[in-house]
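Have a look at the structure below, then the notes.
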Amino acid sequence: MAEKTAKPTSLIDWLLYLEHLHPKAIDMGLDRVRQVKDTASLIPTFPLITVGGTNGKGSTCTMLESILSCAGYRVGCYTSPHLLKYNERIRIEQIAISDKELCCAFDVIESARSRCNISLTYFEFGTLAAMYLFAQLKVDVAILEVGLGGRLDAVNVFDADCAILTNIDLDHMDYLGSTREEIGIEKVGIFRKDKIAICGETNLPEGVRKQINTIGAKLICIGEDFDYKADIIQWNFKGPRGSYSSLPYPALRGSYQLKNASVCLTALDMLRDKLPVTANDVRRGLLEVTLPGRFQVLPGKPMTILDVAHNPAAARVLADNLGALGFHQYTYGVIGMLKDKDIASVVLALKMCVSTWLVASTHTSRGASADEIIQALKKVGITDEDKIHVFPNASAAYIFAREHAAENDRICVFGSFYTVSAVLGVLQKS
């Protein structure tokens, strides 16, 4: 346990304190967080939706948040990580929580933690603070994004009325397993007996399906219990209890967002007795949803795309989306990643999309150096030194791209939240 120090007073001080409170940044398990939750009497009295999966969690949470907000509900939404400010992680009525409210919540969780005489990780502490704020500020419904895995993630200390699995792919293998089946079994740990369990994975491993049956959750699967069809300008949804026709495409770019939207509509379909929404709420919610850093195309020229894609599956989707944007003579790829990711597979997925690689070091404990990324480039056959440039950070790489890209070229920034965050910081200053 950390040594006793003076209690923080500002948000900056609190976040520095949380970073050093526990000896491990990631410490899978629910015992410690459950003790503090019970001591703080954090028992949700409002409907709770939990969203897990390898990719698409943030988009799914944000679409749910948008539709329910359009329906007039006071929505609490907890997502991670943040891009520019920690406050982004906790939103009520689509507005990031204030520093003052966060500090108050941290103070309450710290008091409960101290009484338990145990430590919490940064993420665990923040998860409990989010739930405290949702209760104190009287939300009508809360949406929680799972951090890592599912079964042993801090979010899973709360029982959801509806749990969503967006998809299963290879990521965080050091913690979750080396196969899709092993990873999937960990992720469906957010499901509960006799509770709604929505699955957006189209290729569900048999072992994962057996695990869901063992849990006893009410499984509702894409392609079996709900589905969607699309044409160029609109799409139709058929759910387990109802359907929508002639829906607008979500404001979030990428055709894959239709699957995420279908998962959202299925959740709302199954929860309509508690949280009824109208067809107009759905349409408005889809049109008004925003989520920075997920295939975010910035206005102006040269075209700039920001995408936090950091695993092979997300990189393949990014490659497809870049291809759908039409021809661009030259693409500058600003890449910065974490060293525990499959860097070579991410690079391979985007190999044919990038003309020049602007390789940046990421300065965190998990960050990959530019040299490590260059080794991955060489591993997949990208060896032309004229097409590889090295930078101390993503900000410098992006500034180089802006200075050298012609009006009809494009710049794609990807690889991690840290990378996109750094570039957003440059844009904010300018």
Side-chain angles (χ1 to χ4, degrees), residues 18 22 24-65 68 75-82 86 88-92 97 102 105-106 109 112-113 120-135 139 141-168 171-172 175-176 183-193 195-200 212 215 217 263-264 267 271 417:
L18 299 188
H22 193 71
K24 294 181 181 178
I26 299 173
D27 192 0
M28 307 290 282
L30 298 181
D31 290 343
R32 290 172 298 99
V33 72
R34 182 176 284 117
Q35 286 184 59
V36 181
K37 164 191 169 283
D38 292 342
T39 301
S41 300
L42 298 179
I43 304 171
T45 57
F46 38 80
L48 197 62
I49 304 171
T50 301
V51 181
T54 303
N55 296 305
K57 293 178 294 185
S59 299
T60 300
C61 287
T62 308
M63 278 193 266
L64 280 170
E65 179 187 25
L68 287 166
V75 183
C77 191
Y78 174 62
T79 59
S80 64
H82 58 277
Y86 185 93
E88 298 166 19
R89 295 184 180 218
I90 304 172
R91 300 185 298 277
I92 295 178
I97 209 75
L102 262 175
F106 286 157
I109 301 305
R113 184 199 69 77
L120 294 173
T121 68
Y122 184 92
F123 181 78
E124 291 167 345
F125 206 109
T127 301
L128 295 179
M131 189 57 73
Y132 171 80
L133 287 165
F134 294 156
V139 301
V141 54
I143 303 160
L144 306 182
E145 179 185 353
V146 174
L148 196 159
R151 182 176 65 92
L152 299 177
D153 185 85
V155 164
N156 200 37
V157 78
F158 299 104
D159 296 323
D161 296 87
C162 172
I164 295 170
L165 175 67
T166 57
N167 72 335
I168 305 168
D171 200 6
H172 298 297
Y175 296 96
L176 305 179
I183 292 169
I185 288 171
E186 286 295 313
K187 289 187 180 294
V188 299
I190 64 174
F191 292 166
R192 294 291 191 273
K193 180 177 173 60
K195 295 291 186 178
I196 302 162
I198 297 171
C199 181
I212 297 170
I215 292 169
V263 167
C264 293
L271 291 171
F417 278 83

For the residue pair Val157 and Leu42, establish whether any side-chain heavy-atom pair is separated by less than 4.5 Å.
no
Kindly say whether Gly53 contributes a backbone atom to a donor-acceptor pair with the side chain of Asn167 at under 3.5 angstrom?
no
Decide side-chain contact (heavy atoms from CB on, under 4.5 Å) for Ile97 and Ile92; before the verdict, give the C-alpha distance in whole Å, the side-chain angles of both, and the deciding distance to 0.1 Å.
CA-CA 7 Å; Ile97 209 75; Ile92 295 178; 3.9 Å; yes
Taking all non-hydrogen atoms of both residues into account, name the closest pair between Gly29 and Glu124 and its distance.
O-OE2, 3.9 Å
Evaluate the criterion side-chain contact (heavy atoms from CB on, under 4.5 Å) for residue pair Val139 and Leu133; output intermediate values, then yes/no.
CA-CA 9 Å; Val139 301; Leu133 287 165; over 6 Å; no
Please give me the minimum heavy-atom distance between Arg192 and Asp159, naming the atom from each residue.
NE-OD1, 2.5 Å
With a 4.5 Å limit on heavy-atom distance, are the side chains of Thr79 and Arg91 in contact?
yes
With a 4.5 Å cut-off on side-chain heavy atoms, are Phe134 and Leu144 touching?
yes
Using the test side chain to side chain contact (heavy atoms under 4.5 Å, CB included), find all partners of Ala267 that sit at least two apart in sequence or belong to another chain.
Leu64, Cys162, Ile164, Ile198
Hey, does Phe106 have a side-chain heavy atom less than 4.5 Å from the side chain of Leu18?
yes
Correct closest heavy-atom pair for Gly126 and Ile90 would be O-CD1, 4.3 Å
Taking Asn55's backbone N and O only, do any of them form a donor-acceptor pair with Thr166's side chain (distance below 3.5 Å, no angle check)?
yes
Quick one: does any side-chain atom of Lys195 pair with a main-chain N or O of Ala160 as donor and acceptor, under 3.5 Å?
no
Do Val51 and Val263 pass the side-chain contact (heavy atoms from CB on, under 4.5 Å) test, and can you show the C-alpha distance, the side-chain angles, and the key distance before you say yes or no?
CA-CA 10 Å; Val51 181; Val263 167; over 6 Å; no
Give a yes or no answer on whether the side chain of Asp153 reaches the backbone of Gly147 with a donor-acceptor pair at less than 3.5 Å.
yes
If we ignore hydrogens and angles and just use 3.5 Å, is the side chain of Tyr78 paired with the main-chain N or O of Thr127 as donor and acceptor?
yes
Heavy-atom pair with the smallest gap, counting every atom of Asp161 and Pro47:
OD1-CA, 3.4 Å
Student check: side-chain heavy atoms of Leu120 and Ile109 closer than 4.5 Å
yes
Using a 3.5 Å distance criterion without hydrogens, assess whether the side chain of Asn156 forms a donor-acceptor pair with backbone atoms of Gly189.
yes
Would you compute the distance between atom CG of Leu48 and atom OG1 of Thr45 and round it to the nearest 0.5 angstrom?
10.5 Å
Quick one: NE2 on His22 to OG1 on Thr121, what's the gap to the nearest 0.5 Å?
6.5 Å
Answer yes or no: is there a side-chain heavy-atom contact under 4.5 Å between Leu102 and Arg89?
no
With rounding to the nearest 0.5 angstrom, report the OG1 to CZ distance, Thr39 to Arg34.
12.5 Å
Could you walk me through whether Thr50 and Phe158 pass the side-chain contact (heavy atoms from CB on, under 4.5 Å) test, one step at a time?
CA-CA 9 Å; Thr50 301; Phe158 299 104; over 6 Å; no
Please round to the nearest 0.5 Å and tell me the distance separating atom CD1 of Ile215 and atom NZ of Lys193.
11.0 Å
Set of side chain to side chain contact (heavy atoms under 4.5 Å, CB included) partners for Ile185, sequence neighbours left out:
Glu181, Val208, Gln211
Nearest non-hydrogen partners of Glu145 and Phe123, listed with the distance:
O-CZ, 4.4 Å
Shortest non-hydrogen separation from Lys187 to Leu176 and the atoms involved:
NZ-CD1, 4.2 Å
Quick one, Asp27 and Arg32 - any side-chain contact, counting heavy atoms below 4.5 Å?
yes
Rounded to the nearest 0.5 Å, how far does SG of Cys264 lie from CD of Glu65?
11.0 Å
Rounding to 0.5 Å, atoms OG1 (Thr62) and CD1 (Ile143) come to a distance of 8.5 Å
